[in-house]
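Following: one structure in structure tokens, then a few remarks.
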Amino acid sequence: MQLFDIELTSRLLLGTAQYPSPQVLTEAISASGCGVITVSLRRETAGSGKANGFWPLLKATGARILPNTAGCHSAREAITTAQMAREVFSTNWIKLEVIGNADTLQPDPFALLEAARILCAEGFAVFPYTTEDIIVAERLLDAGCRVLMPWGAPIGTGRGLRNVDALIRMRGHFPGVPLIVDAGIGAPSQAAKAMEIGFDAVLLNTAVAKAGDPVAMARAFGQAVAAGRLAFEAGLMPPRDMAVPSTPVLGMADLGLGGMR
Amino acid sequence: MITILGAGVAGLCAATVLAERGYRVQVMDSGPQAAGASWLAGGMLAPFVEAESAPPEVARLGATAADWWAARVPGVVRRGTLVVALARDQAELDRFAARTTGHERIGPDRIAGLEPDLAGRFGSALYYPDEAHLDPRVALKALAEGLRNRGVTITYDTHFPPEQADIDCRGIAARDNLLDLRAVRGEMLMLHCRDVALSRPVRLLHPRFPVYVVPRDNGLFMVGATMIETDATGPMTLRSASELMSAAFALHPGFAEAAILEMGSGLRPAWPDNLPRLTQAAGRWHLNGLYRHGFLTAPALAGQLADMLAPTRQEAALAY
């Protein structure tokens, strides 16, 4: 998969928060095979001007770092955080998150668009965390975004793809745009589903970080994402209402053992 | 003479164990007594609860901590820990129960029996009867007092060249010699509140910011603690303050009238696996990386340190 000018082998992107320890995190990254990790930047973190030892560990994983603006509630806050992240992580990639509601952590599409427009103009590669709304998505592309990241479900809920029909519609509407399901994935089967309906990648955090064994769960997600993508490329059979025997009846030997005469 | 750097929980526990085994010890600290990460600690001796996020080694190291402290300092309270969640976060309680042992699931009547002020506030809780807590400031002062009674000098506010020390327990200040050591910022509140009485630490699970409230004497409560991957020092942010305060308020609305005595912030030292470790570097022993388990693990680690020094001492005796 290609994201901007970068060729990636894995279609799984992992968040780096809430793990039991940095060591478990780096083992999980390695077990998942993911090539991109997203890192949140708290303002106070950036303000210190020094790394605390956490970022060197992340860099040592070899994964590409996608800083995010998690927890920002206004366009201005998100823009400032993105600018700081560019300095701290030396990358123009930014996962743009502007939260509209503190309880549901729903994206604020208006502030998101405003921030996206400004950051794209400043040369950022913006990964907007958005809803499945196609009009918002079109405006984000107009603003200069080259990737879209619709939610599966609200952040941290683990409820999977709540609106599969809309996500399928979105896939159909933007055939050439990299689409990444971001947020709400709780189980590998849900990640596989996102890949089966043709999404380009999946981004998740809590489902791995808060698993009983995060490293094993990371491996499970890596395999599910690969399996889902393979299935999509192989071409899934369409669902049917009528049962169709997988073994043809026509031409079967009549052994005279009863049954149809 | 063995020189120990750092008069936090690691340094004072190491000094105490070594002094008890007959070594001549002195403790040097570059800062004042009432400072450092240990001074801001919660003081929970909670090996079962900590197992939710910590490796099993932490619980092993902490298994006898309450006994060790109770034999040396006043104010060790063995009344267990209570873990609660708001009605809408019951899934967090189920998850916590599945990840830990040593607890009983209790209903509203038992909750009211254990903590009358929480009566009617929570339908379900996890009770860890075999845990304990102490007041870190009382405990540190008592250890220092005990050491002085054994003839050990503890010198504060004085720089001592680290390379001349034998045992380095300086926490994050030692990171120049310990490359993998990192800082995890923690922020805490000290409240004074006459409207709420608790007799044991209570943890409020919340999907975003789990918080604990530890009761201390005279209507004092410690509320903690944030965990932020940064070495930024400086005062608490409004975000952290509002998280800690709203959690205390959610636990009991009576905290609304509490006086905020202190808003503390400090840096916990941690290794990549968040486990404490005894290491040798720069020509001396280091006891470091106690992270959020200082009072829980320092006694056992001090014992290990003393065991490791023992052969050296025998060799010295033979040479003599």
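By convention in this document, chain letters (A, B, ...) are assigned in the order of the sequence lines, proteins followed by strands, and residues within each chain are numbered from 1.
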Note to self: Taking atom NZ as the centre, does A/Lys210 end up with more than 12 heavy-atom neighbours from other residues, nucleotides or ligands that are less than 6.0 angstrom away?
What the structure shows: yes

Next item on the list: Could you list which of residues 15-24 of chain A have a heavy atom closer than 4.5 Å to any heavy atom of chain B, in residue-number order?
Entry: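 Checking residues 15-24 of chain A against chain B gives A/Gln18, A/Pro20, A/Ser21, A/Pro22, A/Gln23.
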
Next item on the list: Would you please go through residues 96-107 of chain A and name the residues with a non-hydrogen atom below 4.5 Å from one of chain B, in numerical order?
Entry: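 Under the 4.5 Å heavy-atom cut-off, A/Ala102, A/Asp103, A/Leu105 qualify.
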
Give a yes or no on whether a salt bridge exists between [X] and [Y], defined as a side-chain N under 4.0 angstrom from a carboxylate O.
X: B/Arg105; Y: B/Asp94; result: yes
X: B/Arg185; Y: B/Glu229; result: no
X: B/Arg182; Y: B/Asp231; result: no

Next item on the list: List in chain and number order the residues that pass ring-ring contact (aromatic ring centres under 6.0 Å, His included) with B/Tyr127, two or more places apart in sequence or in another chain; answer none if no residue qualifies.
Entry: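 Testing B/Tyr127 for ring-ring contact (aromatic ring centres under 6.0 Å, His included), a comparison that skips the adjacent residues, returns none.
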
Next item on the list: Sequence neighbours left out, what passes side-chain hydrogen bond (donor to acceptor under 3.5 Å, both in side chains) with A/Asp182? Give chain and number order.
Entry: A/Lys95

Note to self: To check you understand the geometry: which heavy-atom pair defines the closest contact between A/Val208 and A/Ala28, and what is its length?
What the structure shows: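 Shortest heavy-atom separation between A/Val208 and A/Ala28 comes out as CG1-CB, 4.3 Å.
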
Notebook entry, point to check: Can we call the ring centroids of B/Tyr291 and B/Trp271 under 6.0 Å apart?
Noted result: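 Not close enough - the centres of the two rings lie 6.0 Å or further apart.
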
Check: Where do B/Phe48 and B/Thr101 land on the side-chain contact (heavy atoms from CB on, under 4.5 Å) test, with the steps shown first?
Finding: CA-CA 6 Å; B/Phe48 297 102; B/Thr101 57; 3.8 Å; yes

